[in-house]
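Step one of this worksheet: look at the structure below.
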Amino acid sequence: MDVTTHDVLLVGGGGAGLRAAIAVSELNPNLKIAVVSKVYPMRSHTVSAEGGAAGVIKSDDSLDEHAYDTISGGDWLCDQDAVEAFVNEAPQELLQLEHWGCPWSRQDDGHIAVRPFGGMKKMRTWFAADKTGFHMLHTLFQTTMKYNSIFRYDEWFVTKLLVDDGRVQGVVAIELMSGKIQAITAKSVILCAGGCGRVFPFTTNASIKTGDGMGLAYRAGAPLKDMEFIQYHPTGLPFTGILITEAARAEGGYLVNKDGYRYLQDYNLGTPTAKPVLRSMELGPRDRLSQAFVKEQEKGRTIDGPYGPVVHLDLRHLGEKLINAKLPFVRELCTKYQNVDPVHELIPVRPVIHYMMGGVSTDINGATPLPGLFAAGEVACVSINGANRLGSNSLPELLVFGARAGKAAAEFASSAKPISNSILAQAFDEQRRIENQFLRNTTGRERTSTIREEMQQTMETSAGIYRTESSLAAGAKTLRHLQERSDNLALDDHSLTFNTDLVAALELSFMLDVAESMVQSALQRTESRGAHQRTDFPKRNDEKFLAHSVVFRAADGRPRVEYLPVRITRWPPGERVYGQPAQKASAS
Amino acid sequence: MKSSVATPPYTLNHPRWYRKRVSTYWWLLRWEYLRFVLREISSVFVAWFVVLTIVQIYAVSRGPDAYAEFQDFLKNPFVLALNVISFFFVVFHSITWFNLSARAMAIRIGGKRVPGFLISGPNFAAWLVISALIAWLLLRE
Amino acid sequence: MADTIKLEISRYSPETDAAPHFQSFEVPFRRDWVVLDALNYIKDKQDGSLTYRWSCRMGICGSCGMLVNGEPKLTCATFLADYAPASIRVEPLRNFPIVRDLVIAMNDFMRKFQKMKPWLIRKEEKPVSEGEYLQTPEQLDAYKQFSMCINCMLCYAACPVYGLDPLFAGPAAIALAQRYNLDSRDQGAKDRFPVLSQHDAIWGCTFVGECTRVCPKHVDPAGAIQQYKLTAALDWVKSVVMPWGGK
Amino acid sequence: MDAQPTKLRIEPLLWLLFSAGGGVAAFFIPIHLFILGIAAPLGLTKATDYASATAFLAFPIVRFYLFVLCSLPLFHAAHRIRYTLYDGLQIKHLNEVIAACCYGGAVLGTVIAGYLLWSFQ
Ligand SMILES: Cc1cc2nc3c(=O)[nH]c(=O)nc-3n(C[C@H](O)[C@H](O)[C@H](O)COP(=O)(O)OP(=O)(O)OC[C@H]3O[C@@H](n4cnc5c(N)ncnc54)[C@H](O)[C@@H]3O)c2cc1C
Ligand code: SF4
Ligand code: F3S
Ligand code: FES
């Protein structure tokens with residue numbers, strides 16, 4: 001078996017991974033860096049982010065306000081020291097990206113322009129039209145090209161973390177082009193493998209978002225944190241799940257039900273005004289808006305579409321000029337994929353799985369409890385997002401914690417002991433497992449896609465916007481069963497060249513692990529907070545649950561949940577208030 | 001890089017890429033390609049016009065008889081047919097040229113790029129004026 | 001309209017096939033399905049060995065480019081309904097080596113792309129603490145179009161020059177070099193000039209214009225190349241007229 | 001594609017000549033060709049007679065105009081024919097020969113036209 005060796009290895013070439021890679025090479029140009037990614041880095045899912053990235057830059061704004069919005073938006077489940085570090089460093093990181101060439105949208109005088117965003121009290125969201133993630137990712141990727149110390153493994157799929165001597169020392173990966181399985185060793189490994197929206201049937205997430213990174217860490221013994229907090233975005237296109245960015249509402253779009261009524265006013269989100277008001281109505285937080293949709297549906301006030309109930313997003317009053325200038329991609333997506341032109345027509349939308357608040361548990365520098373393993377980006381839970389992430393906080397999170405993890409991993413690598421020799425034996429075992437379980441297995445019965453669909457259905461019914469004891473318990477049982485069935489997969493493809501059938505099977509097994517950890521964490525949190533809403537426990541319970549859940553993988557493969565305290569610095573838990581009252585409270 | 005070399009057979013973990021050779025008749029496979037090739041071929045007829053002009057000047061320089069001979073040559077049905085074809089090609093050249101030049105130039109006024117038709121439009125207008133002017137110069141009594 | 005539609009898909013496995021061949025599949029016909037949905041249906045329900053790339057399903061990641069009836073297309077943005085009831089032919093992008101089925105090798109582009117130095121070059125970096133480089137919306141507009149490239153490779157599949165001369169740098173790589181050249185914050189035009197002014201770069205392009213026609217993001221690489229030719233030619237004139245100046 | 005040391009390149013010159021020639025050809029040639037090659041032989045218009053032809057050529061400005069009308073379009077054509085042969089027929093290995101023939105032809109045509117017009121009495 002081939003073995004290649006580096007100092008710092010990144011699993012993932014999205015926003016977080018590339019930022020971390022640059023951080024390592026700027027800190028110490030002598031370190032050999034490897035970026036392993038199952039797709040070419042510029043295809044990573046960061047490319048899809050539309051709306052923007054939050055960072056305090058205008059003089060009427062302050063770091064404390066950004067921190068407060070984030071913490072209250074996260075229903076006080078955020079670690080406040082992490083949030084403080086985050087809001088502090090976000091502006092510098094966004095400026096750094098500007099210096100690398102990111103085409104941020106500008107004011108007439110040449111300064112950075114900002115736009116309002118859901119749950120944010122001030123305008124602080126930087127944007128590059130409505131392709132913010134695309135421009136950020138391409139800027140980062142093109143910038144990495146100038147560093148000679150960064151070596152890329154494009155289209156390599158990581159299947160396992162190599163752990164020996166109590167620390168992570170590399171990975172086993174398959175080169176898709178040739179089918180070669182090999183060990184890539186490193187003194188420290190940073191997971192930047194993104195989220196796992198694909199465990200649900202209806203999601204804005206790309207096909208590559210299958211929770212591989214979470215699964216890798218979980219199996220290697222690192223715990224996952226706050227996995228029950230799953231964000232629904234209130235405005236996805238039916239069927240495709242394509243996201244209509246929050247920026248559409250920030251620019252003044254209305255959400256209306258079948259009577260053309262702006263129903264959010266019935267759900268404690270303020271009173272309707274013609275112009276958008278920050279932290280009010282359509283600019284409330286995502287969890288509240290998605291929950292309001294379900295209530296409307298129960299009242300029979302949604303519209304029945306071919307793919308289930310929808311409400312309408314109305315942009316018509318904004319006019320063609322503004323839509324073309326600020327929301328061109330929204331118009332393109334609607335006309336291309338939904339056959340409606342938002343300039344003249346209503347856009348049908350429904351809540352759609354969008355983002356994972358939870359992830360691999362890390363400290364403020366991206367270090368996981370497992371030595372040598374770091375994590376950053378959507379795969380990680382630092383946590384700044386608490387029970388509900390605010391729109392436009394994720395992109396700056398990639399940068400801030402990508403850079404932090406990069407620095408920490410570089411330092412770790414500089415002082416780490418050499419790689420153990422016994423690593424190779426583990427890699428051989430992994431190769432044998434893949435060959436025997438998948439490539440040479442001729443007795444399998446189950447289809448990957450069937451189990452995947454059943455898993456997705458199970459997740460939607462058991463762990464959707466509203467959950468109960470019984471739905472979750474049933475879900476947990478089904479998932480256990482699916483785990484067993486997945487040991488018996490039959491691949492159609494037994495070849496080595498670009499075997500996407502094999503990739504799908506490996507992804508499925510990661511997703512099943514992640515799904516189980518979600519359902520288990522949700523089952524045990526008997527309260528409602530942020531995106532986690534239990535109809536049988538509708539109140540927030542700070543006494544018992546002002547705590548992070550951490551899931552470990554027990555020896556039998558089942559999830560085991562423990563709790564960690566939330567770190568509170570300056571903002572004691574309060575009530576989340578949106579709409580006009582919030583405006584007044586903050587003004588005083 | 002040659003495309004026709006036989007690729008070695010597949011061996012474990014060594015991908016064997018399949019390279020298609022571009023057909024010699026690639027330009028016939030799609031209308032867009034054919035249009036492009038016709039556009040390029042128009043230059044042959046441009047060259048033919050230049051040759052004709054040089055011969056004409058030569059004829060004039062050799063005196064009235066040679067010039068008359070040249071006029072007769074132009075009346076030859078084959079030459080006439082060739083010139084009709086040439087005319088269509090040079091007109092095709094003009095049209096494609098004006099359209100392309102609009103795309104090749106990024107003229108900005110007040111920070112906004114001037115749309116293509118505002119560049120090609122005046123070109124077409126100038127073409128008409130120039131043609132009229134030349135016709136008038138050559139044909140006036 | 002019929003409730004199924006036939007797809008003829010190019011298959012090639014280097015381990016068993018000497019050359020690509022077509023295989024037919026019958027999939028349900030749905031108005032709102034794109035070609036990619038049909039491929040996913042086949043992979044999930046009929047033949048898991050069908051191999052192709054995709055990810056975002058929203059026309060932004062750039063991985064799902066294929067030939068649909070001979071025309072380079074993003075398959076996630078190409079509706080079955082535009083072809084039905086006739087059958088649809090799906091092939092890998094033209095002008096690239098085929099790895100397997102619908103997957104092509106794009107290593108060549110990545111290498112050429114990097115040679116263009118596609119990053120912001122400054123003589124002197126301004127410290128981040130001093131804030132942003134100012135850039136007016138007009139200055140942004142000067143290069144914005146060329147920054148929209150998603151590296152989908154459709155333009156390479158459409159460009160006959162690339163097919164005939166694999167050394168040609170190609171439309172997207174040149175457009176992306178122009179993206180930085182035209183950025184008011186960039187000072188690296190001189191560094192990119194030696195690569196761009198090669199015969200295999202801008203001068204290889206004969207302005208076929210197909211690249212621009214097929215580009216799903218309206219990048220207009222053909223325009224970028226011609227504009228750069230003009231710049232390079234004027235530079236040349238300057239260097240002849242005033243050999244002592246600049247350089 | 002690798003960067004070679006910058007030397008004085010010929011490509012920009014050839015391209016400038018090509019572009020200038022393309023422009024001249026686009027604006028001026030169609031009408032000339034129509035009158036000379038179609039309208040006059042068919043008798044739609046009268047052909048320029050010998051006397052007026054010599055009268056025209058007596059003007060230096062006309063001679064200069066004709067020189068430009070011959071020379072630049074030749075370079076235009078040479079450039080396009082070169083690339084068409086090169087791409088269309090895939091005879092890349094003959095690149096130098098083709099280029100020499102095409103541009104050589106254009107230079108030759110230019111010299112002939114120049115000589116005729118210069119020595120015209
Ligand atoms: C449609 C949409 C719009 C969004 N809009 C916004 C917004 O406006 N503002 C905002 O702040 N956030 C937004 N987000 C959220 C944000 O985009 C994501 O959270 C963020 O981009 C995640 O980045 P990442 O670097 O962590 O992971 P990704 O960009 O997802 O990258 C993951 C990387 O890991 C690699 N990888 C994964 N598994 C493996 C494996 N097994 N082996 C090898 N490599 C692997 C992948 O190849 C990829 O390179 C949006 C999200 C979506 C879905
Ligand atoms: S220029 Fe257009 S067609 Fe070419 S790779 Fe970029 S986006 Fe695709
Ligand atoms: S198609 Fe090719 S030849 Fe030039 S204009 Fe586009 S690169
Ligand atoms: S799947 Fe991403 S562009 Fe089509």
Side-chain angles (χ1 to χ4, degrees), chain B residues 21-22 24 26-27 37 39-54 56-61 63-65 67-68 71-76 79-80 82-84 86-87 90-91 93-98 100-101 104 123 126-127 130-135 137-139 141, chain D residues 18-19 21-43 45-54 56-57 62-63 66-67 69-74 76-81 83-84 87-90 105-106 109-110 112-113 116-117 119-121:
Chain B
R21 234 188 85 88
V22 178
T24 310
W26 60 270
W27 44 275
V37 169
R39 185 189 91 195
E40 299 295 294
I41 285 179
S42 71
S43 64
V44 173
F45 299 94
V46 166
W48 162 245
F49 166 78
V50 173
V51 169
L52 211 57
T53 306
I54 292 178
Q56 185 189 19
I57 297 167
Y58 181 56
V60 176
S61 74
D65 294 345
Y67 188 68
Q71 297 289 350
D72 285 343
F73 168 70
L74 288 178
K75 291 196 182 110
N76 177 312
V79 177
L80 194 64
L82 178 61
N83 281 336
V84 170
S86 303
F87 177 69
V90 294
V91 167
H93 165 73
S94 301
I95 293 170
T96 51
W97 188 265
F98 296 138
L100 287 180
S101 61
N123 272 339
W127 182 33
I130 289 173
S131 301
L133 198 72
I134 293 174
L137 277 172
L138 286 177
L139 299 177
E141 293 301 320
Chain D
F18 154 78
S19 304
V24 169
F27 280 115
F28 299 99
I29 289 185
I31 185 67
H32 277 297
L33 184 60
F34 181 71
I35 293 176
L36 174 74
I38 300 173
L42 284 180
T45 59
K46 89 181 165 56
T48 319
D49 56 35
Y50 181 71
S52 25
T54 38
F56 268 128
L57 281 168
V62 170
R63 295 218 293 275
L66 286 174
F67 177 70
L69 191 65
C70 289
S71 159
L72 288 178
L74 274 184
H76 167 81
H79 198 71
R80 276 197 164 164
I81 292 169
Y83 275 98
T84 307
D87 291 336
L89 301 181
Q90 303 187 30
T110 301
I112 294 176
L116 284 175
L117 290 165
S119 59
F120 189 80
Q121 304 300 332

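What's counted below: heavy atoms across the whole structure, side chains too, no hydrogens, waters or symmetry copies. In what follows, every chain begins at residue 1, and chains take the letters A, B, ... in the order their sequences are listed.
Listed by chain and number, the residues in a ring-ring contact (aromatic ring centres under 6.0 Å, His included) with B:W97 are B:H93, D:F18, D:H76 (sequence neighbours excluded). Taking D:L42 as the reference, B:L80, D:I38, D:L44 meet the side-chain contact (heavy atoms from CB on, under 4.5 Å) condition, with sequence neighbours excluded.
Residue contact with chain B, scored on non-hydrogen atoms closer than 4.5 Å, is absent for D:H79. Both the backbone and the side chain of D:T48 come within contact range of chain B, with heavy atoms under 4.5 Å apart. Contacts between D:I81 and chain B at a heavy-atom distance below 4.5 Å involve backbone atoms as well as side-chain atoms. Residue B:A68: no heavy atom, backbone or side chain, is found under 4.5 Å from chain D. For B:D72, no part lies under 4.5 angstrom from a heavy atom of chain D. Looking at D:L33, both its backbone and its side chain come within 4.5 Å of chain B, counting heavy atoms on both sides. B:E40 touches chain D through backbone and side chain together, each having a heavy atom under 4.5 Å away. No part of B:L82 comes within reach of chain D, as not one of its non-hydrogen atoms sits under 4.5 angstrom from that chain. Looking at B:F98, only its side chain comes within 4.5 Å of chain D, counting heavy atoms on both sides. Interface remark: D:A47 contributes side-chain atoms only to the contact with chain B (heavy atom separation under 4.5 Å).
Contact count versus chain B (heavy atoms, under 4.5 Å) is highest, among D:S52, D:A40, D:A25, for D:A25. No other option in B:V91, B:T96, B:V51, B:L138 has as many heavy-atom pairs under 4.5 Å with chain D as B:L138. Taking B:V60, B:V37, B:L74, B:I130 one by one and counting their heavy-atom pairs under 4.5 Å with chain D, the maximum is reached by B:V60. Per-residue counts of heavy-atom pairs under 4.5 Å with chain D were compared for B:S42, B:G63, B:P64, B:A132; the largest is that of B:P64. Between chain D and the options B:N76, B:V79, B:I54, the largest number of non-hydrogen pairs under 4.5 Å is found for B:I54. Per-residue heavy-atom pair counts under 4.5 Å with chain D were compared for B:Y58, B:W48, B:F45, B:Y67, and the maximum is reached by B:Y67. Counting heavy-atom pairs under 4.5 Å between each of B:I41, B:V90, B:I95, B:L137 and chain D puts B:V90 at the top.
D:F27 contributes atom CZ, which lies 11.0 Å from atom CD1 of B:I134 (distance to the nearest 0.5 angstrom).
In this structure, the side chains of B:R39 and B:L100 come closer than 4.5 Å at one or more pairs of heavy atoms. When side chains are defined from C-beta on, B:W27 does not count as touching D:T84, because their heavy atoms never get closer than 4.5 Å. With contacts defined as side-chain heavy-atom distances shorter than 4.5 Å, the pair D:P30/B:W127 qualifies. Inter-residue side-chain proximity for B:N83 and B:F49 is flagged as unmet; no heavy-atom pair is nearer than 4.5 Å.
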What verdict does the side chain to side chain contact (heavy atoms under 4.5 Å, CB included) test give for D:L36 and B:Q56, after you've listed the backbone C-alpha separation in whole Å, the side-chain angles of each residue and the deciding distance to 0.1 Å? CA-CA 10 Å; D:L36 174 74; B:Q56 185 189 19; 3.5 Å; yes

D:L66 vs D:L69, side chain to side chain contact (heavy atoms under 4.5 Å, CB included): CA-CA, chis, key distance, verdict: CA-CA 5 Å; D:L66 286 174; D:L69 191 65; 4.3 Å; yes

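Within 6.0 Å of OH in D:Y50 there are more than 12 heavy atoms belonging to other residues, nucleotides or ligands.
Residues D:C70 and B:V50 come closest through the heavy atom pair O-CG1, 3.5 Å.
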